[in-house]
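Encoded as structure tokens, the structure appears first; notes follow it.
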Amino acid sequence: HNIPLDPIRERGRIILGGMVMSLVQAILIAIIAGVSRCEGDWLGECKLREPIVTGFLVGLVLGDVKTGLIIGAELQLMWMGAVGIGPVAQLDIGIGGTIGTAVAITTGTGAETAILFGVPVAVIMQFLNTLLMSAYSGVMLSADKKIDALDFRGIRWCHYFCGICTFVMFFGNELIEGIVNNMPDWINTGLGGVAALLPCLGFALLLNIIMEKRLIPYFILGFIPAAYVGFDLTMVAIAAIAVAVAW
């Protein structure tokens, strides 16, 4: 908390919020976050924004792929059911996962720290994305006119302009870092509670879409091994397997 918000650059290294990384690493992580924002636009649905992918890439940049994958997988489970429906802006899990994983690795902590940083960043970026999408409505009016005029080059530039704005928005992340680092303790405590509930909410949203009665036995049979890996099966687990088989 005694470290100023503005980055301290000394001999090619950056200190921000207690984190230390090289300038090149910081730029590469910013590029990962920026590219994750381009998914669904320039890059189509290539799953680059998924935390398991960004976690691997951040781990690769910071020299700890194993930790990056572990943290990315835990964030993936938490956000598995977080999907955007219709015009509603979804949580920015690409940037949230990237920043959360980077903080967790550079501070030598685990997924709890990644969640503590990743969740508010994802929420803030969701709000900023909503504002950005609203601003793009003016560009769309220009694109409509260019379509009527068959100005294909102008249409392409409208598309490129929006993509570039989306990409570079992340490079103003000092404001986001400042907001996260200066949140009072009661907000951090509340976000910790929210983070504990998010996996349940995510899976509930997912199951609400895909779950059918005929799939419940397979859900049970998949849950039991996941819940009891490394432990002896209890009578509750054996009874649940029997119910699934009978069903």
Side-chain angles (χ1 to χ4, degrees), residues 5-7 14 16 23-58 61 72 75-76 79-102 117-183 202 205-206 209:
L5 290 178
D6 292 333
I14 290 180
L16 178 60
L23 180 60
V24 173
Q25 287 174 326
I27 292 173
L28 289 175
I29 290 172
I31 290 174
I32 292 169
V35 169
S36 74
R37 283 293 304 118
C38 294
E39 184 179 343
D41 298 322
W42 286 1
L43 304 177
E45 291 296 330
C46 57
K47 300 304 178 186
L48 268 176
R49 65 169 163 246
E50 301 300 328
I52 189 70
V53 178
T54 57
F56 165 75
L57 295 175
V58 170
V61 169
L75 292 175
Q76 186 76 51
W79 276 321
M80 189 174 287
V83 295
I85 299 175
V88 180
Q90 65 177 2
L91 287 173
D92 200 324
I93 62 176
I95 292 180
T98 301
I99 295 299
T101 304
F117 273 80
V119 170
V121 168
V123 172
I124 292 170
M125 292 304 297
Q126 177 191 27
F127 174 71
L128 293 178
N129 289 337
T130 302
L131 294 180
L132 198 61
M133 292 300 107
S134 300
Y136 286 164
S137 60
V139 181
M140 294 305 102
L141 292 176
S142 175
D144 287 340
K145 294 179 180 178
K146 295 181 185 302
I147 291 172
D148 293 335
L150 299 180
D151 182 3
F152 296 107
R153 183 177 181 181
I155 296 168
R156 285 196 299 270
W157 275 110
C158 287
H159 184 62
Y160 293 149
F161 173 77
C162 293
I164 292 170
C165 290
T166 300
F167 180 83
V168 301
M169 182 177 67
F170 176 73
F171 286 88
N173 69 315
E174 290 180 18
L175 172 62
I176 300 169
E177 294 282 1
I179 293 173
V180 172
N181 289 335
N182 283 282
M183 288 190 300
L205 289 169
L206 191 63
I209 298 172

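When every heavy atom of Gln25 is checked against every heavy atom of Val61, the shortest pair comes out as NE2-O, 3.2 Å. The two residues Ser142 and Cys158 come nearest to each other via the heavy atoms OG-SG, 4.2 Å. Counting all heavy atoms, side chain and backbone alike, Ile29 lies closest to Ala102 at CD1-CB, 4.0 Å. Taking all atoms of both residues into account, the shortest heavy-atom contact from Pro51 to Leu75 is CB-CB, 3.7 Å.
Partners of Ile52 by side chain to side chain contact (heavy atoms under 4.5 Å, CB included), not counting sequence neighbours, listed by chain and number: Glu50, Leu69, Ala73, Gln76. Under the side chain to side chain contact (heavy atoms under 4.5 Å, CB included) criterion, Leu141 pairs with no residue at all, not counting sequence neighbours.
Rounding to the nearest 0.5 Å places CG of Leu57 at 7.0 Å from CG of Leu48. For the atom pair OG1 (Thr98) and CD1 (Ile32), the distance works out to 6.5 Å, reported to the nearest 0.5 Å.
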